[in-house]
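Scroll down for the structure; my scribbles are underneath it.
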There are 2 protein chains.
Amino acid sequence: MARTQSTQYPILGLLCIKPLSGYDLRAEIEGTLNSFWRESEGQIYPTLRMLEETGQIVRIEGQRKQARERQVYAITDLGRQRLRAWIAEEPRMQSPRNEFLLKVWMMRHGPEGAVLAHIRQHRQQVAIRMAAAAELQTLVERNRSFPDFPVWQTLFRYGALMREAELAWCDETLAALEPLERREAKAATCTRKGKKLIEQR
Amino acid sequence: MARTQSTQYPILGLLCIKPLSGYDLRAEIEGTLNSFWRESEGQIYPTLRMLEETGQIVRIEGQRKQARERQVYAITDLGRQRLRAWIAEEPRMQSPRNEFLLKVWMMRHGPEGAVLAHIRQHRQQVAIRMAAAAELQTLVERNRSFPDFPVWQTLFRYGALMREAELAWCDETLAALEPLERREAKAATCTRKGKKLIEQR
DNA sequence: TGGCGCATGTAAAGAGTTACATGATTCC
DNA sequence: GGAATCATGTAACTCTTTACATGCGCCA
């Protein structure tokens, strides 16, 4: 048995705000939840069908008569109930799988400077996300009166704190490891030269 | 097509340090990589076999004659080469899937106080991990002369920075949301009473 | 002799990714 | 008429999880 499916919950959560189509859901997850949730295309439509079959959502627009007609779904009381129960459960901690840090950990087994380049690029990507988040936040600021506004604020804050910490780490680490790698690169070059000489004998 | 398998790389990385058995690998990943990598039990042994078949590791102890005999593996030049190539590739960013933050985002759709309780528990777990990391760090401090020591230091630092930010966020958020939820709980109680009266009519 | 830790493995099932196929509508 | 965007969906594949099976050696 694999773990239980989690795709359904962000869908139910979004439908709590207002009825949406599969396409909308995808855009919404991509656009506003993307800092802490991702959903792959091939997962949304089957999940919508499952949720409809189990009575947690209903189709309120589009009868699937015409092909590719826009289907809009709304959450039902049962759906709201299920979501409520899930929220109350203790969240399963995402066991992390961070390729970036794994590569940092192994940096001495990779080509010279490769991981330092990864760190520099990571720093840049974080900076870009930071700017994007700031932009999104100013957009959301207009809905100050929305009841979810305070919670959204805390999530922006979460992202900001993490990204700040990440940037600080990148700077620290580059400062600490760049001179080190340069020194080792020199040493390695010497060794290689030495080896070559020996092999040439 | 799913993404390419990543289990093999932490295994190769650990075997770069010294030869290990499947059991050791599991313990090592659980014990020292656990802040940024996880590996499920059922994945290690099949991966070891695959790596052996493709010549990236070799068995240097245990002939599989006796059942359940300890099998120790060492990395080969080919394995080292493959690992090197993988490290040089740009790391794929982990698209996040954070149930905890998803529940925070939906907190108004869950039972009163449930998510605040999650946040309090989260804070506690982070504090525990913080202490565990500090302990591990003092242990590692003894190997100052080890060539990987500077890199390990930066990884400890990464964990410390993230956990600090996480704790700060928990405190901030609890301070911001606790009074809010109390106020809303009161309002909701009034509403419910009102509804009941109406239904009793 | 019975329990615990070391140790290696297998099987089933489902979750999730990727890539592709198809068609409607809008706008130039 | 054609390109871009909106929109729904399927198929193949494989990774990962979970739970279980097996057996050795130690030691109280």
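What you see is a predicted model, and the numbers here were worked out from it, not measured in a lab. Naming convention: chains lettered A, B, ... in sequence-line order (proteins, then strands); numbering from 1 in each chain.
- Residues E39(B) and R97(A) are paired through a salt bridge, judged by an N-O separation under 4.0 Å between the basic side chain and the carboxylate.
- Protein atom OH of Y45(A) is 16 Å distant from nucleotide atom P of dA11(D), rounded to whole Å.
- Look at S6(B) and you'll find a side-chain N or O under 4.0 angstrom from OP1 or OP2 of dT16(D).
- In the displayed structure, Q125(A) atom CD is contacted under 6.0 Å by more than 12 heavy atoms of other residues, nucleotides or ligands.
- Ring-plane geometry between W152(A) and F146(A) is classed as parallel, the angle between the planes falling under 30 degrees on a 0 to 90 degree scale with a further cut at 60.
- Between I44(A) atom CD1 and dA7(D) atom C1' the separation is 12 Å, expressed in whole Å.
- Look at CD on Q43(B): it is 13 Å from C1' on dG9(C), rounded to the nearest Å.
- If you take CE of M50(A) and C1' of dT10(D), they are 18 Å apart, rounded to a whole angstrom.
- dC6(C) atom P lies 14 Å from atom CD of E41(B), rounded to whole Å.
- The CZ-P distance, from R92(A) to dA15(C), rounds to 10 Å in whole Å.
- Taking atom CD on Q8(B) and atom C1' on dC15(D), their separation rounds to 12 Å, with Å as the unit.
- With rounding to whole Å, R97(B) atom CZ is found 14 Å from dC15(D) atom C1'.
- Nearest-nucleotide assignment on DNA chain D puts the 5′-proximal partner with R70(A), out of R70(A) and R49(A).
- Annotation: proximity of residues 21-37 of chain B to DNA chain C (heavy atom, distance under 4.0 Å) is found for S21(B), G22(B), Y23(B), R26(B), numbered in ascending order.
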Just distance, no hydrogens or angles: give the donor-acceptor pairs under 3.5 Å from side chains in residues 101-110 of chain A, sequence neighbours left out.
unit_1	atom_1	unit_2	atom_2	d
K103(A)	NZ	W86(B)	O	2.8
K103(A)	NZ	E89(B)	O	2.8
R108(A)	NE	D148(B)	OD1	3.1
R108(A)	NH1	E184(A)	OE1	3.3

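- Backbone-only contact: Q5(A) has heavy atoms under 4.0 Å from sugar-phosphate atoms and none from a base.
- In this structure, E178(A) pairs ionically with R120(A), as a charged nitrogen and a carboxylate oxygen lie closer than 4.0 Å.
- For the residue pair T154(B) / E172(A), no side-chain donor-acceptor distance below 3.5 Å is found, with atom types taken as modelled.
- Neither OP1 nor OP2 of dA19(C) sits under 4.0 Å from any side-chain N or O of S40(A).
- Residues Y158(A) and E166(B) have side chains that bring a donor and an acceptor to within less than 3.5 angstrom of each other.
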